[in-house]
Amino acid sequence: MSFVIDLDAERREVQHPDGIPVKFRGEQFIFPAELPAAALDPILSDELDLVGLLGDVINSADGDAGIKEVVAALFRRPYLPLRFLDAVRETYAILLEDQNEEFLKRKPSVPDYVRLTTGLAKVYGVELGKLFRSADSSESDGATSSPTSPDSTESTPAASGFAPDNLDSLVSGD
């Protein structure tokens with residue numbers, strides 16, 4: 001039998017059965033091999049309203065937003081930077097679970113969070129821009145798309161299980 005979607009196909013757990021190791025300030029932290037859906041909840045929360053912010057920015061510039069529109073939207077939400085940082089910390093608490101306290105003792109900076117988030121997004125195969133697209137941006141006048149899995153379940157396409165050769169480079173900037 002052939003499946004359109006095969007959730008039993010090889011996943012990152014096969015590549016990283018013990019999780020994704022990340023070196024940060026001399027300590028190793030293990031992130032889950034697969035991104036838990038709950039980890040996105042703080043970033044996508046109604047309280048943070050990033051979707052609303054992006055909608056305002058896009059609407060204010062008829063879809064051609066620049067830095068001016070972004071800054072104007074941020075000034076209308078002076079609470080946003082602090083809430084966003086709290087949401088990032090909450091996301092990392094979900095990902096790191098019992099390692100979070102030790103991680104916070106290393107006093108991660110904003111650039112540390114940016115580098116780590118960028119690296120993990122690549123490993124997890126998550127593009128945050130796609131998460132915030134409006135519902136109508138996914139509509140298509142084209143033909144129905146092809147299946148996401150081949151008839152065989154022997155392997156997963158490389159893009160779905162991306163893992164860089166050197167995981168340390170994700171946070172060290174190499």
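What's counted below: heavy atoms across the whole structure, side chains too, no hydrogens, waters or symmetry copies.
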Provide the full list of side-chain hydrogen bond (donor to acceptor under 3.5 Å, both in side chains) pairs with a residue in residues 79-100, sequence neighbours left out, each pair given once. Tyr92-Thr117
Taking the inter-plane angle between the rings of Phe24 and Phe29 on a 0 to 90° scale, is it parallel (under 30°), tilted (30 to 60°) or perpendicular (over 60°)? tilted
Indicate yes or no: at least one non-hydrogen side-chain atom of Val114 is less than 4.5 angstrom from one of Pro111. no
Side-chain heavy-atom pair Arg77, Leu53 within 4.5 angstrom cut-off: yes
Please tell me whether Tyr113 and Leu44 are part of a single hydrophobic cluster in this structure, the criterion being side-chain heavy atoms less than 4.5 Å apart. yes
Evaluation steps, side-chain contact (heavy atoms from CB on, under 4.5 Å), between Leu50 and Leu80: CA-CA 9 Å; Leu50 285 182; Leu80 187 63; 4.1 Å; yes
Please report the closest heavy-atom contact between Ile20 and Pro32, naming both atoms and the distance. CD1-O, 3.5 Å
Should Leu95 and Pro36 count as side-chain neighbours, where that means a heavy-atom distance under 4.5 Å? yes
Answer whether the closest heavy-atom distance between the side chains of Phe84 and Pro42 falls below 4.5 Å. no
Tell me, with the steps shown, if Arg76 and Asp56 meet side-chain contact (heavy atoms from CB on, under 4.5 Å). CA-CA 10 Å; Arg76 287 191 298 274; Asp56 287 354; 4.1 Å; yes
Go through the steps for Lys23 and Glu27 under the test salt bridge (charged side-chain N to carboxylate O under 4.0 Å, His left out), then give the verdict. CA-CA 6 Å; Lys23 184 178 178 183; Glu27 183 76 24; over 6 Å; no
What one should report as the nearest heavy-atom pair of Ser45 and Leu48 is OG-N, 3.1 Å
Just wondering, do Leu116 and Asp112 contact through their side chains at under 4.5 Å, heavy atoms? no
Find out if a path of hydrophobic residues (ILVMFWY) with successive side-chain heavy-atom gaps under 4.5 Å connects Phe31 to Ile94. no
Same apolar cluster: Leu74 and Ile43, side chain cutoff 4.5 Å: yes
Mind running side-chain contact (heavy atoms from CB on, under 4.5 Å) on Glu101 and Lys105 for me, showing each step along the way? CA-CA 6 Å; Glu101 187 176 321; Lys105 284 181 185 177; 4.0 Å; yes
